[in-house]
Asks: 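This is the structure I have questions about; it appears just below.
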Amino acid sequence: MARLQAIQQLYVSKPFRELRRTLIVERGARCERCGAILEDTSQIIAHHKVEITLSNLNDPAVTLNPDNIELVCLDCHNREHNRFGPVAHNVFLVYGPPLSGKSTFVRQTARRGDLMVDMDALWQAISGQPIYDKPNNLRFNVFAVRGLLIDNIRTRYGRWNDAYLIGGYPQSAERQQLLEELGAVPVYCDATQEECIARLYQDPQRVQVRQQWEGYIQSWFDQYQE
Ligand SMILES: [Zn+2]
Ligand SMILES: [Zn+2]
């Protein structure tokens, strides 16, 4: 578990995230394997050709070396990693303010067959609305579905490989409870309020819902406890 936690932390670190953005600008927003154009750059995964391990984790010549990084789409990344086989039943609690890069992080590390409990995706699934439009009157039902999936994770029900719980989770008591109940590893996506607002204004998918999301960002920072 400690090894995994250390490796996950690389993918939320500022230097790695900045390098990923730089490479996308330099190389273009497409998969270097199959050539697919990826207009939504959050879909682009920066894959390490030499796999990150505990022994090379602190070696920037491996972790932050552009020559060791290939920009790929989700399909190509799944194909690449399937040969390593499944990783059994690690649980990650991925939290942080809205637009801090939680989904981008999960795309970096998750594999096909992992269980995703992503609040934005749950909202979309049961509202029938475009992603990021969250009709507030459905919140009880969204939370009920989330509760069921959390229960699946807690009881290790089903045949998933790893599980990811993705959401804001600003309150430390709630996080502590989940971490204990689920035996989860915390992964904090760090970003300032200004960074989140700036990303909101650059996000083509959230143009219609900007005001709503400014409110979500504000309320996350109001509630956040370390
Ligand atoms: Zn591809
Ligand atoms: Zn990879």
Asks: The criterion is side-chain hydrogen bond (donor to acceptor under 3.5 Å, both in side chains); which residues satisfy it with Gln223, sequence neighbours excluded?
Replies: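 Gln171, Ser219.
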
Asks: Excluding sequence neighbours, so at least two apart, what forms salt bridge (charged side-chain N to carboxylate O under 4.0 Å, His left out) with Asp151?
Replies: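 Asp151 satisfies salt bridge (charged side-chain N to carboxylate O under 4.0 Å, His left out) with Arg154 once adjacent residues are dropped.
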
Asks: How far does OH of Tyr164 sit from CZ of Phe92, to the nearest 0.5 angstrom?
Replies: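 Reported to 0.5 Å precision, the distance equals 5.0 Å.
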
Asks: Would you compute the distance between atom CG of Asp118 and atom CZ of Arg146 and round it to the nearest 0.5 angstrom?
Replies: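 If I round to the nearest 0.5 Å, the distance is 12.0 Å.
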
Asks: For the CD atom on Gln211, are there more than 12 heavy atoms of other groups (residues, nucleotides or ligands in this structure) within a distance under 6.0 Å?
Replies: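 It does not: Gln211 CD has 12 such atoms or fewer within range.
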
Asks: Under the side chain to side chain donor-acceptor pair (under 3.5 Å) rule, what pairs show up with a residue in residues 21-37, not counting sequence neighbours?
Replies: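 Sorted result for residues 21-37: Arg27-Glu32, Arg33-Glu70, Arg33-Glu80.
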
Asks: How many angstroms lie between OG1 in Thr63 and NE2 in His48, if you round to the nearest 0.5 Å?
Replies: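 Going from OG1 on Thr63 over to NE2 on His48, the span is 6.0 Å.
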
Asks: Within this structure, what is the CD1-NE2 distance for the pair Ile69 and His47, rounded to the nearest 0.5 Å?
Replies: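 If we round to the nearest 0.5 Å, Ile69:CD1 and His47:NE2 are 10.0 Å apart.
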
Asks: Are Leu149 and Ile131 grouped together when hydrophobic residues (ILVMFWY) are joined by side-chain heavy atoms under 4.5 angstrom apart?
Replies: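 Yes: a chain of side-chain contacts under 4.5 Å links Leu149 to Ile131.
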
Asks: Check side-chain hydrogen bond (donor to acceptor under 3.5 Å, both in side chains) between Thr155 and all other residues, then give those that pass, not counting sequence neighbours.
Replies: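 Listed in chain order: nothing, the list is empty.
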
Asks: Quick one: salt bridge (Lys or Arg N to Asp or Glu O under 4.0 Å) pairs with a partner in residues 200-212, sequence neighbours left out?
Replies: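 Listed by first then second residue: Asp203-Arg206.
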
Asks: Return yes if some donor-acceptor pair links the side-chain N/O of Asn68 with the main-chain N/O of Asn65 below 3.5 Å, else return no.
Replies: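 Side chain of Asn68 to backbone of Asn65, a donor-acceptor pair under 3.5 Å: no, none is there.
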
Asks: Taking salt bridge (charged side-chain N to carboxylate O under 4.0 Å, His left out) as the definition, give me every residue that meets it alongside Asp133, ordered by chain and number, with sequence neighbours left out.
Replies: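 Per chain and number, Asp133 pairs via salt bridge (charged side-chain N to carboxylate O under 4.0 Å, His left out) with no residue.
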
Asks: Tell me whether Ile126 shares a hydrophobic cluster with Ile150, the cluster being built from Ile, Leu, Val, Met, Phe, Trp, Tyr side chains joined at under 4.5 Å.
Replies: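 The answer is yes; both residues are in one hydrophobic cluster.
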
Asks: What residues, two or more places apart in sequence or in another chain, satisfy ring-ring contact (aromatic ring centres under 6.0 Å, His included) together with Tyr188?
Replies: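 Per chain and number, Tyr188 pairs via ring-ring contact (aromatic ring centres under 6.0 Å, His included) with Tyr95, Tyr224.
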
Asks: Enumerate the residue pairs fulfilling salt bridge (Lys or Arg N to Asp or Glu O under 4.0 Å) with a member in residues 178-188, sequence neighbours excluded, ordered by first and then second residue.
Replies: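 Sorted result for residues 178-188: empty, none.
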
Asks: To the closest 0.5 Å, what do you measure between NE2 (His77) and CD1 (Ile45)?
Replies: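 Going from NE2 on His77 over to CD1 on Ile45, the span is 5.5 Å.
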
Asks: Looking at Asn56 and Glu51, would you say the former's side chain and the latter's main chain have a donor-acceptor pair under 3.5 Å?
Replies: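 At least one qualifying donor-acceptor pair exists.
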
Asks: Can you tell me how far SG of Cys31 sits from CG of Leu38, rounded to the nearest 0.5 angstrom?
Replies: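 Separation between the atoms: 6.5 Å.
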
Asks: Please report the closest heavy-atom contact between Ser42 and Asp40, naming both atoms and the distance.
Replies: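 It is OG-OD1, 2.8 Å.
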
Asks: Which salt bridge (Lys or Arg N to Asp or Glu O under 4.0 Å) pairs, counting each pair once, include a residue from residues 212-226, with sequence neighbours left out?
Replies: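 Applying salt bridge (Lys or Arg N to Asp or Glu O under 4.0 Å) to every pair that reaches into residues 212-226, excluding sequence neighbours, yields nothing.
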
Asks: Using modelled atom types and a 3.5 Å cut-off, is there a donor and acceptor pairing between side-chain atoms of Asp114 and backbone atoms of Ala163?
Replies: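 No; zero donor-acceptor contacts below 3.5 Å.
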
Asks: Take atom CZ in Phe221; do more than 12 heavy atoms of anything else shown fall under 6.0 Å from it?
Replies: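 Result for CZ/Phe221: enclosed.
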
Asks: Listed by chain and number, what are the side-chain hydrogen bond (donor to acceptor under 3.5 Å, both in side chains) partners of Gln212, not counting sequence neighbours?
Replies: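 In terms of side-chain hydrogen bond (donor to acceptor under 3.5 Å, both in side chains), with neighbours along the sequence ignored, Gln212 is linked to Tyr216.
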
Asks: Applying ring-ring contact (aromatic ring centres under 6.0 Å, His included) as the test, list every pair that has at least one member in residues 108-153; sequence neighbours left out.
Replies: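 Found Tyr132-Trp213.
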
Asks: Same cluster for Leu148 and Leu115 if Ile/Leu/Val/Met/Phe/Trp/Tyr side chains link at under 4.5 Å?
Replies: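 In one cluster with Leu148: Leu115, no.
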
Asks: Going by salt bridge (Lys or Arg N to Asp or Glu O under 4.0 Å), name the pairs with one or both residues in residues 8-17, residues two or more places apart or in two chains.
Replies: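 Pairs touching residues 8-17 that pass the test: Lys14-Glu195.
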
Asks: Mind checking whether Trp160 and Leu122 sit in one hydrophobic cluster, side chains of I, L, V, M, F, W, Y counted as touching below 4.5 Å?
Replies: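 Trp160 and Leu122: one cluster.
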
